[in-house]
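Note sheet for the following structure.
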Amino acid sequence: MPDAATPQAVVHNATVAMRLAEAFARHGVTVTFGQSLPSAFHLATPAAGIRQAVYRTENMGGIMADGYARISGRVGVVTAQNGPAAALLVAPLAEAYKASIPVVALVQEVNRDQMDRNAFQELDHLRLFDPVSKWVRRIERADRLEDYVDMAFAAATSGRPGPAVLLAPADLLTENAAKPSPRQASLGIYPLDRYVPAADLVEKAAEMLAGAERPLILAGGGIHSSDASAALAALQEKAGLPVGTTVMGKGAADEGHPLTLGIIGYVMSPGARTHRLRAMVEGADVVLLVGTRTNANGTDNWTMFKPGTRFIHIDPDPQEIGRNYEALRLTGDARLTLEALGAALEKRDLGKRRAARPAIEATIAAAVADWKTRIQDVFTREGRLVRPERIMAELDRRIDGEAIVVADASYSSMWVGQYLTAKRAGQRFLTPRGIAGLGWGLPLAIGAQVAAPDRRVVCLVGDGGFGHSWSELEMLRRMELPVTVIVLNNSILGYQKHAELVKFKEHTDAVDFTDVDHTLVARACGVANLRVTEAAEVGPALDEAFSARRPMLIDVLSDPEARPPINYYAGHFEEPY
């Protein structure tokens with residue numbers, strides 16, 4: 001167990017809240033995201049070496065814990081009061097559940113003698129959280145505390161990671177506790193149990209890849225969760241395999257590598273890096289799926305691969321393998337399984353792979369060159385109503401492979417995915433693609449910056465999503481987190497408006513906003529701010545924000561007609577490229 005997670009002194013005459021704090025510290029917890037309640041727990045945590053990072057609303061706190069977990073490699077912990085506060089955790093836990101992120105939520109319950117009596121803010125939390133968590137239990141007795149804490153962390157970090165919920169009655173936390181636990185296990189790092197599939201299955205997968213005519217790897221966010229990017233890069237290079245990623249998988253492969261396609265799936269229309277590579281994807285005869293749910297977005301509504309394609313699927317969750325594509329089942333950890341697969345390929349004749357590599361590289365290089373030519377105008381376009389592509393071009397020139405870029409859901413995730421470059425295998429781009437809830441960008445960035453205080457964190461949000469979470473700007477100031485927040489201020493709910501126009505030829509009234517000056521919101525929260533009204537101002541604004549090393553909001557008046565290269569839109573709008 002790391003020294004940082006060890007309480008400075010175990011309290012021998014303590015309350016249950018103190019023992020709970022000690023148990024969390026044993027699992028490597030050094031920070032929790034919470035407000036006041038459970039007060040007894042938060043008052044006890046400093047003695048256990050745990051600090052509190054605050055939030056303004058519980059749904060934002062849940063996403064902060066998610067962002068912290070994605071970057072730290074440890075369980076994110078969020079706390080909440082019973083009732084309406086607990087209900088606000090449902091959406092962020094649903095995101096973590098779908099995106100396989102380990103979060104432990106500690107939720108206060110009413111006193112035990114008040115249960116089922118319509119106590120103030122009483123809810124059936126067991127039923128509330130059951131659909132959005134891997135595990136949910138209520139601690140009824142002080143002598144079972146250690147059992148339940150260990151079960152919560154094991155549930156969050158084992159197999160396919162995800163959220164677990166621990167319910168603690170308020171009166172239990174103030175009881176006198178038993179003596180300190182003799183337990184030593186630390187279960188707060190994920191993946192908790194790394195395992196590989198049977199050797200004969202790995203050998204069969206190696207045989208399929210070595211003998212394929214047109215193999216392809218599709219890498220999802222599970223590569224990041226498993227810290228498997230180095231293993232993927234080694235396999236890519238060793239066997240000459242082209243790699244495409246999902247949006248959550250962006251950064252799993254170096255996009256400067258000649259065998260990296262970029263993001264494939266629902267964003268491959270004109271203007272996309274992979275637009276000219278659809279034939280390569282559709283023509284694949286063997287596809288290695290790694291850490292991906294094979295969901296609608298990652299497969300363009302399951303139209304991307306042709307009948308007869310053979311699949312190999314690596315995933316720690318056996319239920320995900322074969323959900324949408326019958327596959328050779330490699331149930332296991334992505335990193336260890338990719339390493340085993342690489343070792344198995346080394347024993348085979350890879351002559352076919354070496355012979356095919358020059359043509360694959362040439363096809364990818366030509367497609368990327370065509371893309372760069374196609375987007376050159378919007379990357380350099382001057383004037384008012386700034387194009388998001390221009391913002392991404394200016395940002396791409398200023399960040400290195402260690403920067404963490406966070407996007408809100410909807411268009412923001414697509415702008416980041418398409419127009420920033422993953423400069424190394426393993427670079428992190430955080431996108432809320434589990435259930436893709438609006439408003440997640442800022443709290444994800446806060447959690448990421450808490451996890452990595454010395455790394456640059458940049459957050460891109462649309463004005464629609466930012467409206468869900470702008471109260472957390474005060475959190476940025478209070479904790480002095482140097483996140484740069486870029487707001488695409490186009491006064492519309494872009495994805496909804498454009499999708500409605502495609503589907504219905506008209507749009508609802510809700511998609512158009514009145515003008516909002518987000519710099520005034522930032523100023524009210526004490527956060528430094530800049531307003532950009534011309535494309536030429538974007539670069540200097542980023543330079544000022546990056547040199548300041550303090551919280552900064554840049555409100556960019558952006559083009560409401562700008563649309564990412566979504567396949568669904570193709571042919572419905574005049575292309576700007």
Side-chain angles (χ1 to χ4, degrees), residues 1-11 14-58 60-81 85 89 92 96 101-108 145 149 152-153 156-157 163-164 166 168 173 180 186-190 404 442-455 457 471-483 526 549-551:
M1 184 168 63
D3 292 341
T6 306
Q8 294 179 352
V10 174
V11 180
T15 63
V16 170
M18 188 68 244
R19 290 288 177 261
L20 187 61
E22 291 169 356
F24 274 51
R26 174 165 59 85
H27 293 301
V29 176
T30 58
V31 61
T32 61
F33 294 87
Q35 286 187 345
S36 292
L37 297 175
S39 300
F41 174 75
H42 286 300
L43 291 170
T45 53
I50 299 173
R51 64 188 177 94
Q52 182 180 1
V54 294
Y55 55 72
R56 295 296 293 257
T57 60
E58 283 74 15
M60 298 297 108
I63 291 297
M64 290 174 196
D66 178 323
Y68 176 88
R70 295 191 196 206
I71 294 301
S72 68
R74 294 184 172 276
V75 172
V77 175
V78 62
T79 67
Q81 182 183 355
L89 286 182
I101 307 300
V103 171
V104 168
L106 175 64
V107 177
Q108 180 171 287
L145 182 144
V149 171
F153 278 84
T157 58
L166 193 61
L173 294 175
S186 183
L187 309 175
I189 296 175
Y190 70 101
I404 299 168
L442 177 56
L444 267 181
I446 289 172
Q449 189 75 83
V450 171
D454 297 327
R455 293 172 67 180
V457 176
S471 64
E472 302 302 333
L473 285 175
E474 187 270 333
M475 165 74 171
L476 278 184
R477 180 194 177 197
R478 200 187 317 182
M479 294 196 69
E480 298 181 343
L481 300 174
V483 175
R549 288 299 295 170
R550 60 176 175 170

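Nothing here was measured: the structure is a model prediction, and the numbers come from that model.
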- For a side chain to side chain contact (heavy atoms under 4.5 Å, CB included) with Thr32, tell me which candidate from Ile50, Val104, Val78 qualifies. Ile50
- Item | Side chain proximity check, Val450 to Arg51, heavy atoms < 4.5 angstrom | yes
- Query: Rounded to the nearest 0.5 Å, how far apart are CE of Met479 and CD1 of Ile446?
  - Reply: 9.0 Å
- Query: Has the side chain of Gln449 got a donor or acceptor atom that lies under 3.5 Å from a matching backbone atom of Arg455?
  - Reply: yes
- With a 4.0 Å cut-off, would you call Glu22 and Arg19 a salt bridge? yes
- Message: Is any side-chain heavy atom of Thr45 closer than 4.5 Å to one of Val29?
- Response: no
- Item | CG-CD distance between Leu37 and Gln108, expressed to the nearest 0.5 angstrom | 5.0 Å
- Query: Mind checking whether His27 and Arg74 have side chains closer than 4.5 Å, heavy atoms only?
  - Reply: no
- Message: Restricting to non-hydrogen atoms, name the atom on Ala17 and the atom on Ala40 that form the minimum distance, rounded to 0.1 Å.
- Response: CB-O, 3.5 Å
- Side-chain contact test, heavy atoms from C-beta onward, threshold under 4.5 Å: evaluate it for Gln52 versus Thr79 and give yes or no. no
- Flag if over 12 foreign heavy atoms under 6.0 Å of CZ, Arg478: yes
- Message: Has Glu472 got a side-chain atom pairing as donor or acceptor with Gly61's backbone, closer than 3.5 angstrom?
- Response: no
- Query: Looking at Ala80 and Pro38, what are the two nearest heavy atoms and their distance?
  - Reply: O-CD, 4.1 Å
- Distance from Leu89 atom CG to Gln81 atom CD, nearest 0.5 Å? 11.5 Å
- Do Met475 and Tyr55 come within less than 4.5 Å of each other through their side chains, counting heavy atoms only? no
- Minimum heavy-atom distance between Gly76 and Ala69, given as atom pair plus value: N-CB, 3.7 Å
- Query: Considering only heavy atoms from C-beta outward, does the side chain of Ile189 approach that of Thr157 to under 4.5 Å?
  - Reply: no
- Message: Looking at every heavy atom in both Ala96 and Val103, which two are closest together, and how far apart are they?
- Response: CB-CG2, 4.2 Å
- Message: Distance check, rounded to the nearest 0.5 Å: Met64 atom CE versus Phe33 atom CZ?
- Response: 7.5 Å
- Check whether any side-chain heavy atom of Leu173 lies under 4.5 Å from a side-chain heavy atom of Thr15, and answer yes or no. no
- Task: Apply side-chain contact (heavy atoms from CB on, under 4.5 Å) to the pair Val149 and Phe24, showing each step before the final yes or no.
- Result: CA-CA 7 Å; Val149 171; Phe24 274 51; 4.1 Å; yes
- Task: Indicate yes or no: at least one non-hydrogen side-chain atom of Leu20 is less than 4.5 angstrom from one of Leu166.
- Result: yes
- For the student: nearest non-hydrogen atoms of Ala152 and Ala164, plus distance: O-CB, 3.4 Å
- Message: Glu58 vs Gln35, test: side-chain contact (heavy atoms from CB on, under 4.5 Å). Steps then yes/no.
- Response: CA-CA 8 Å; Glu58 283 74 15; Gln35 286 187 345; 3.3 Å; yes
